[in-house]
Protein chains: 2
Amino acid sequence: MADIKLKDLRYLVALADTRHFGKAAERCFVSQPTLSAQLKKLEDYLGVTLVERQPKHAMLTPAGEAIVARARRIVESSDEVVEIARSHRDPLAGRLRLALLPTIGPYLLPSVAPRIRKALPRLELMLYEYQTGPMLERLRAGDIDVGILALPIELEGLESRALYEEPFVLTVPTHHPLAQKSQVKTDDLKGVTLLLLEDGHCLRDQALDVCSRIDVHEKQDFRATSLETLRQMVASGAGVTLLPELSTLGPYATARGLVVRPFVKPAPTRQVGAVWRRTHPRQRAIEAVANVIAEYALQQPRGRS
Amino acid sequence: MADIKLKDLRYLVALADTRHFGKAAERCFVSQPTLSAQLKKLEDYLGVTLVERQPKHAMLTPAGEAIVARARRIVESSDEVVEIARSHRDPLAGRLRLALLPTIGPYLLPSVAPRIRKALPRLELMLYEYQTGPMLERLRAGDIDVGILALPIELEGLESRALYEEPFVLTVPTHHPLAQKSQVKTDDLKGVTLLLLEDGHCLRDQALDVCSRIDVHEKQDFRATSLETLRQMVASGAGVTLLPELSTLGPYATARGLVVRPFVKPAPTRQVGAVWRRTHPRQRAIEAVANVIAEYALQQPRGRS
DNA sequence: TCCGGGCGATATATATTGTCTATCGAAATA
DNA sequence: TATTTCGATAGACAATATATATCGCCCGGA
């Protein structure tokens with residue numbers, strides 16, 4: 001069950017090119033006896049004479065010619081392997097698959113993606129949007145490299161890092177009683193009708209959690225499929241909802257028919273973090289991406305008064 | 001200047017298939033630590049992590065995937081090399097390039113070629129026709145494997161073997177005085193007009209040699225380019241010639257207008273032999289071919305009385 | 001014919017390295 | 001908490017690739 005050695009094939013190719021054992025050995029940076037002995041072993045292993053040793057110049061047998069033709073391709077390919085490896089050597093280069101929660105991605109990416117691209121220009125960022133469950137599955141399956149979601153989660157073989165703490169804000173229709181207050185308390189939610197996302201969105205559970213000790217009514221037969229439909233429902237007066245602060249900043253801050261009210265401190269929040277396989281070979285790239293996100297969050301105005 | 005080892009690529013491919021170090025090691029008939037250590041060395045050499053070691057099942061990094069793809073083709077090709085070698089292993093199989101003198105080939109081959117094919121069915125016989133000089137050149141250059149010609153010759157790095165001794169016969173026009181004799185002596189050639197082949201044909205020199213001590217006249221301004229034109233010239237009465245006996249047997253014995261007369265013994269002859277490079281790797285095939293020719297010659301009626 | 005040079009093969013010592021067994025350590029499982 | 005799984009590590013051993021020195025064979029020139 002022995003094996004051909006790649007080095008021997010190199011020797012053979014060199015001999016085919018030079019037709020001279022000494023020259024071939026020189027080209028391979030070995031002594032002549034080495035090349036001679038190794039080629040002999042190769043011939044013994046293959047059971048065929050590859051080289052006809054003539055006094056002046058060596059020449060290849062038909063078997064030798066046939067095998068050298070393959071050997072050239074093999075040697076080339078093996079050099080390509082080294083070349084491919086070299087191109088993958090930079091841990092901050094290459095494809096990195098990043099997934100975000102649907103309640104985070106659309107609001108974080110417009111500002112953060114350009115920063116990542118600028119800080120890590122050789123990184124080819126591939127973006128995905130998954131809810132927590134599927135995201136963790138795909139993370140473990142190796143379909144994605146990093147997930148951005150709400151901590152804590154059940155980590156098995158996964159590593160996580162907190163990135164920023166995101167306050168919730170209350171979103172109410174313009175003419176709702178609570179719109180009169182500049183800040184709200186969780187107790188203010190007593191008796192109001194709450195609109196929530198459908199099952200699977202962790203934001204739904206987080207909102208329910210905030211209201212756990214309070215008597216609120218979830219609007220029956222309604223489960224929004226996205227933050228945007230939820231926002232539109234609030235604007236149409238069907239109820240109120242909790243939104244992550246980031247989704248109410250920027251272009252979304254100007255939506256008509258609804259107002260946004262922060263909670264009095266300590267405001268309810270959720271912890272946003274990054275998750276990846278503990279065994280991931282490019283921890284440095286992941287760390288770098290996480291750093292960019294965390295730094296961006298630091299610079300944001302927090303909990304507008 | 002170290003080198004990738006083919007075996008390592010096998011290990012990598014096995015790991016890619018099994019996603020499990022133990023299983024992969026088993027498939028490669030080595031212990032798990034061996035495969036583990038070798039793959040680590042490969043990664044170190046390439047400067048890239050190829051495998052992500054997860055607790056349950058290993059998985060390949062993008063670099064690993066890219067390299068495994070190449071590795072599969074390399075391993076396949078290296079197996080093909082072994083396969084090619086196997087197909088060349090039988091020394092009595094494969095192409096053998098055989099050259100014959102123009103004064104031998106056309107008369108020997110019709111009977112001998114079928115016998116060679118029968119005795120050595122796996123031999124792919126390629127036939128050529130060259131005069132002595134070019135034949136030896138091509139022999140030394142490796143363009144042909146065996147030459148059938150008249151010995152002795154200057155052998156440099158060449159080996160030779162006598163196959164059979166071929167008598168010369170005298171060929172004269174039907175109405176020539178010498179046609180009256182049933183056997184001729186070389187002295188009978190005194191004063192006759194001799195027709196010969198052009199320069200380059202060794203038969204020309206051999207004929208001149210036979211007549212060296214006799215006063216013969218070579219026909220001026222005439223040099224035949226082949227035995228057949230020579231034969232036709234004799235039939236037309238232009239003179240007489242010496243022919244190798246084999247060329248006057250079989251279908252050629254019945255030519256019109258000329259008769260063939262053997263010499264009294266000891267008749268002049270030429271030694272026909274085989275020549276090949278001393279270094280030729282398939283001595284056995286050459287020997288086998290030579291045997292068939294020599295045996296055939298033994299069975300032939302010699303010097304018809 | 002003898003001698004010298006070119007070239008590949010052989011002999012022997014040595015350093016490398018691939019391989020084994022035994023064991024460890026980490027992480028998942030019960 | 002105990003057990004199992006799985007890959008990594010340690011250390012000994014054996015295979016082997018390599019180098020230096022030398023041999024033997026042809027060939028060419030004096």
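In what follows, every chain begins at residue 1, and chains take the letters A, B, ... in the order their sequences are listed.
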Closest listed nucleotide, where the reference is the side chain of A:Val30 and the choices are D:dT9, C:dC20, D:dA19: D:dA19
5' priority, DNA chain D, between B:Pro33 and B:Arg278 [closest heavy atom]: B:Pro33
message: Distance check needed: D:dC27 P versus A:Gln54 CD, whole Å only.
response: 10 Å
- prompt: Are A:Gln38 and D:dA17 close enough that a side-chain N or O sits under 4.0 Å from OP1 or OP2?
  reply: yes
query: When the distance from CD of A:Glu154 to P of C:dA27 is rounded to whole Å, what number comes out?
result: 15 Å
field: Salt bridge present between A:Arg97 and A:Asp143 (N-O < 4.0 angstrom)
entry: no
- request: May I ask you to say what B:Arg19 touches in the nucleic acid, namely base, sugar-phosphate or nothing, with a heavy-atom cut-off under 4.0 Å?
  value: nothing
- prompt: Between B:Asp3 (CG) and D:dA17 (P), how many Å, whole number?
  reply: 13 Å
field: Single hit among B:Arg140, B:Arg277, B:Arg282 for salt bridge (charged side-chain N to carboxylate O under 4.0 Å, His left out) with A:Glu52
entry: B:Arg277
message: Apply side chain to side chain donor-acceptor pair (under 3.5 Å) to residues B:Glu165 and B:Thr269 and explain how you reach the verdict.
response: CA-CA 6 Å; B:Glu165 197 165 343; B:Thr269 62; 2.7 Å; yes
- request: Check every strand shown and say whether B:Glu156 touches a base, only sugar-phosphate, or nothing at a heavy-atom separation below 4.0 Å.
  value: sugar-phosphate
query: Which nucleotide in the set D:dT9, C:dG8, C:dG18 lies at the smallest distance from any side-chain heavy atom of A:His20?
result: C:dG8
- prompt: When you match A:Asp8 and B:Leu15 each to their closest nucleotide on DNA chain D, which lands nearer the 5' end?
  reply: B:Leu15
task: Identify, between A:Gln32 and B:Lys41, the residue whose nearest nucleotide on DNA chain C lies closer to the 5' end.
output: A:Gln32
task: May I ask you to evaluate whether A:Tyr11 reaches the phosphate of D:dT18, defined as a side-chain N or O under 4.0 Å from OP1 or OP2?
output: yes
- prompt: More than 12 non-hydrogen atoms from neighbouring residues, nucleotides or ligands closer than 6.0 Å to CD on B:Gln32, yes or no?
  reply: yes
- request: Could you state the atom-to-atom distance from CG of B:Leu12 to P of D:dG7 in whole Å?
  value: 14 Å
query: Can you tell me if the side-chain N/O atoms of B:Thr34 get under 4.0 Å from OP1 or OP2 in C:dG18?
result: no
message: With rounding to the nearest 0.5 angstrom, report the CD1 to CD1 distance, A:Ile293 to A:Ile148.
response: 4.0 Å
message: At less than 4.0 Å, is any side-chain N or O atom of A:Lys7 found next to OP1 or OP2 of D:dT18? Yes or no.
response: yes
